[in-house]
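We count residues from 1, following the sequence as given.
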Amino acid sequence: TSIPLAVVVDGDFHMASVIQTTASILQQIGLPEKLRMDCDVRLVGNNRLADFPSPFQRLLLNLGIQVEVCPPHRPDLKPFVERFHKNYKGESLYPNWPTTEAEAQAQAH
């Protein structure tokens, strides 16, 4: 889908908080059949082709969600996400760049 399902702003980004936030969002909206994501090392680990998936990928796989990791430098494989980020940055963040977590929270909602 090209519709953002959730926007969460948090100054405490580590794997435990990402997993907890993702689980909370999935409880609210339900489980998708498939999730496509960037090969961000914070989410897929240092080796995206490793036999042992990252904790985030294991959460999704254990919930029965097919994980599709996009190869690097291929924005054409996720055009809706790229357009969302471009619009969000251009219309919300850059004109009023937040300097505190509270300002970022206010802009997210």
With sequence neighbours excluded, residues passing side chain to side chain donor-acceptor pair (under 3.5 Å) with Arg58: none
Leu43: which of Thr22, Val18, Val67 passes side chain to side chain contact (heavy atoms under 4.5 Å, CB included): Val18
Those residues that, when tested against Thr21, pass side-chain contact (heavy atoms from CB on, under 4.5 Å) (two or more places apart): Val8, Ile25
Joint cluster assignment, Val69 & Leu77, ILVMFWY side-chain distance < 4.5 Å: no
Partners meeting side-chain contact (heavy atoms from CB on, under 4.5 Å) with Leu31 (sequence neighbours left out): Leu26, Leu63, Ile65
CD/Glu101: more than 12 non-hydrogen atoms of other groups inside 6.0 Å: yes
With sequence neighbours excluded, residues passing side chain to side chain donor-acceptor pair (under 3.5 Å) with Asn62: none
Residue pairs, two or more places apart or on separate chains, that pass salt bridge (Lys or Arg N to Asp or Glu O under 4.0 Å) and touch residues 17-34: Lys34-Glu68
For the student: nearest non-hydrogen atoms of Val44 and Met37, plus distance: CG1-CE, 3.2 Å
Non-neighbouring partners of Gln66 that pass side chain to side chain donor-acceptor pair (under 3.5 Å), sequence neighbours left out: none
